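Presented below is the structure to which this report refers.
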Amino acid sequence: MCGRYTSTSTVADLASIFDVDEVRAEPMPARYNVAPTDTVFAVALRSSKGEIADGKKGPRRALGTFRWGLVPSWAKDPSVGSRMINARCEGISSKPAFRAAVARRRCIIPADAFYEWQRREGRDGKKVGKLPHAIRRRDGRPMAFAGLWEFWRDDDDLEAPALRSCAIVTTGANELMAPIHDRMPVVLAADNWAAWLDPGTDPGAVERLMVPAPSEWFEAYAVSTLVNKVGNDGPQLIEPLPPPPPASGGPSS
DNA sequence: CCAGACGTTGTT
DNA sequence: GTCTGG
DNA sequence: CCAGACGTTGTT
DNA sequence: GTCTGG
C-alpha cells in the first residue's frame with residue numbers, strides 16, 4: 001500500500017513537469033514524511049462546475065492542495081477520511097466510497113519517493129519488526145500516483161469552505177516490490193496522465209491504467225525507522241540504512 | 001421497509 | 001448518496 | 001503507514 | 001485488541 005511518502009519538488013517544478021497551467025497552491029517546504037490527513041499537492045482537471053478553479057476559460061490542469069484521506073460527499077464529518085487513504089483498484093468502481101470519484105474525479109498526486117514497511121522475522125520465525133524502505137524513480141523525476149479526489153461540505157456550516165480530499169489508488173506489487181510488500185501505489189506513465197485525468201476516458205481504459213508500473217523504473221532500499229514517527233521530517237529519512245553489523249555468533253560461539 | 005455501512009492492511 | 005443486511 | 005490512546009456527563 | 005490521529 002502506500003501510507004507515507006515524500007514531497008520535495010517545488011511548486012514551480014511540479015507545474016512544469018505536469019504541464020499545469022494554473023497553480024492554486026501555496027508553496028510548501030520539502031517534506032520527507034507526508035502522512036495521512038496532511039495537506040498534499042495534486043493535479044486535477046478544471047471542471048465545468050468550477051470545482052477546482054473558477055469559470056475562467058483556457059487552463060486545463062490545476063495544481064491544488066488536498067487533504068490526504070478521501071472524505072466522501074455523504075460523510076457526516078471528515079474523520080472517515082483517515083481510513084480512506086488508499087483505494088484498492090480491484091473492484092474500485094463498485095465501492096460506495098470511491099465510485100463517484102473514480103468515474104469523475106481522478107487526479108495525479110506527485111511524490112518523489114514512497115515508503116513501504118517490510119515485515120521481517122527472526123531465524124526462529126519470531127517477529128523482529130518492520131523495516132521501512134524508500135522507493136524512488138531511477139531517473140530522479142517525481143512519480144505520478146493515480147489518485148481520486150472528493151468534495152465535502154459540512155451540512156451544519158454551509159458557509160465554511162469546502163474540503164477537497166484525495167486517496168491514492170493501489171495495485172499489486174511488481175517484481176521489485178514483491179519482497180518488500182504485496183501492494184504498491186499505481187504510478188502512471190507520463191503518456192497516460194491525460195487519459196487518467198480526463199473524466200471522459202472510457203471506464204475500460206481507466207481500468208487498464210490501474211496496473212503495477214515496471215520494476216525497471218524504480219530503486220528500493222532500506223531506511224531507518226525515523227520515518228515511523230510522523231513528527232520526524234528531513235532528508236535523513238531517505239538516507240540508505242547502513243548495513244547491519246556482521247553477524248556476531250550470538251550468545252555462544 | 002429502515003438501519004447501518006461506506007476502507008485498507010496484515011495476521012491467524 | 002447508495003448499497004447491503006435484517 | 002505507525003504511534004498512541006483506550007472515558008463520561010451534560011449542554012448548545 | 002482495536003480504533004483514532006497524524
Side-chain angles (χ1 to χ4, degrees), chain A residues 1-7 28-29 31-40 49 51 65-105 109 111-122 125-136 143 145-157 162-163 165-173 177-186 210 220 222-234 237-238 241:
Chain A
M1 76 165 319
C2 183
R4 234 54 94 70
Y5 67 95
T6 75
S7 174
M28 287 193 277
R31 293 219 42 206
Y32 295 85
N33 200 357
V34 177
T37 72
D38 285 351
T39 296
V40 301
K49 291 178 180 169
E51 287 160 340
T65 54
F66 296 72
R67 172 172 146 144
W68 183 15
L70 188 140
V71 182
S73 59
W74 39 259
K76 305 267 189 312
D77 79 79
S79 64
V80 297
S82 298
R83 304 194 293 282
M84 313 265 185
I85 65 171
N86 293 140
R88 289 178 68 95
C89 67
E90 299 91 341
I92 194 172
S93 295
S94 58
K95 301 288 177 69
F98 301 134
R99 192 184 148 116
V102 76
R104 305 179 34 82
R105 282 179 296 277
I109 300 170
D112 296 278
F114 62 95
Y115 299 101
E116 297 285 3
W117 279 257
Q118 178 182 42
R119 289 195 114 77
R120 314 188 88 210
E121 294 184 346
K126 283 183 193 152
K127 280 177 222 154
V128 164
K130 295 183 187 181
L131 181 65
H133 288 68
I135 299 92
R136 63 187 180 192
M143 300 179 244
F145 289 162
L148 311 176
W149 72 276
E150 264 297 354
F151 208 46
W152 180 83
R153 297 204 90 99
D154 183 353
D155 287 338
D156 297 328
D157 186 4
L163 175 70
S165 60
C166 64
I168 296 168
V169 179
T170 66
T171 187
M177 292 302 306
I180 301 169
H181 199 69
D182 63 349
R183 305 290 301 174
M184 67 181 290
V186 172
M210 296 187 288
V223 297
S224 88
T225 53
L226 280 173
V227 69
N228 288 13
K229 197 184 276 282
V230 296
N232 290 339
D233 200 353
L237 271 60
I238 55 164
L241 186 70

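Here is the naming used below: chain letters follow the sequence lines, and residue numbers restart at 1 for every chain. These numbers come from the heavy atoms of this one structure, side chains and all, not from hydrogens, waters or symmetry mates. This structure is a prediction, so every number in the text was calculated from the model and none was measured.
Side chain of A:Thr39 to main chain of A:Thr65: no donor-acceptor pair is present (N/O by atom type, distance under 3.5 Å, no hydrogens or angles). Judged by distance alone, the side chain of A:Asn232 and the main-chain N or O of A:Val227 form no donor-acceptor pair under 3.5 Å. A:Trp68 places no side-chain N or O within donor-acceptor distance of the main-chain N or O of A:Ala35, the cut-off being under 3.5 Å.
Here B:dG7 presents its P atom at 18 Å from CH2 of A:Trp68, a figure rounded to the nearest Å. Atom CD of A:Gln118 is separated from atom P of D:dC2 by 12 Å (rounded to the nearest Å). A:Leu237 has its CG atom 18 Å from the P atom of D:dC1, to the nearest Å. If you take CG of A:Asn228 and P of E:dG6, they are 18 Å apart, rounded to a whole angstrom. The nearest whole Å value for the distance from the CG atom in A:Leu70 to the C1' atom in C:dG1 is 14 Å.
Distances shown here put every side-chain N or O of A:Arg99 at or beyond 4.0 Å from the OP1 or OP2 atom of C:dG1. An OP1 or OP2 oxygen of E:dT4 is reached within less than 4.0 angstrom by a side-chain nitrogen or oxygen of A:Arg83. Checking the phosphate oxygens (OP1, OP2) of B:dC6, no side-chain nitrogen or oxygen of A:Lys76 falls inside 4.0 Å. Dashed line: the shortest gap from a side-chain N or O of A:Lys95 to OP1 or OP2 of B:dG7 is not under 4.0 Å. Of the side-chain N and O atoms in A:Arg88, one or more sit less than 4.0 angstrom from OP1 or OP2 of B:dT9.
At a threshold of 4.0 angstrom between heavy atoms, the contacts of A:Thr170 are confined to the sugar-phosphate backbone, with no base atom among them. At the heavy-atom level, A:Tyr115 lies nowhere under 4.0 Å from the strands shown. Residue contacts for A:Arg4: at a heavy-atom cut-off of 4.0 Å it reaches a base atom on one of the strands shown.
The shortest distance between side-chain heavy atoms of A:Tyr5 and A:Met143 does not fall below 4.5 Å.
One finds a salt bridge joining A:Asp233 and A:Arg31 here, because a Lys/Arg side-chain nitrogen approaches an Asp/Glu carboxylate oxygen to under 4.0 Å.
Under the stacking criterion of a centre-to-centre distance below 5.5 angstrom and an interplanar angle below 30°, A:Trp74 sits stacked against the six-membered ring of B:dC6.
E:dT2 and D:dT9 are spaced 24 Å apart, taking the C1' atom of each and rounding to whole Å.
Of the candidates B:dT8, B:dC6, E:dG6, E:dG6 carries the atom nearest the A:Val230 side chain, counting heavy atoms from C-beta on. Of the candidates D:dG4, B:dT8, D:dC2, the closest approach to any side-chain atom of A:Phe98 belongs to B:dT8.
Pair assignment for C:dC3: B:dG4, on the basis of Watson-Crick or G-U wobble contacts that are both within less than 3.5 Å.
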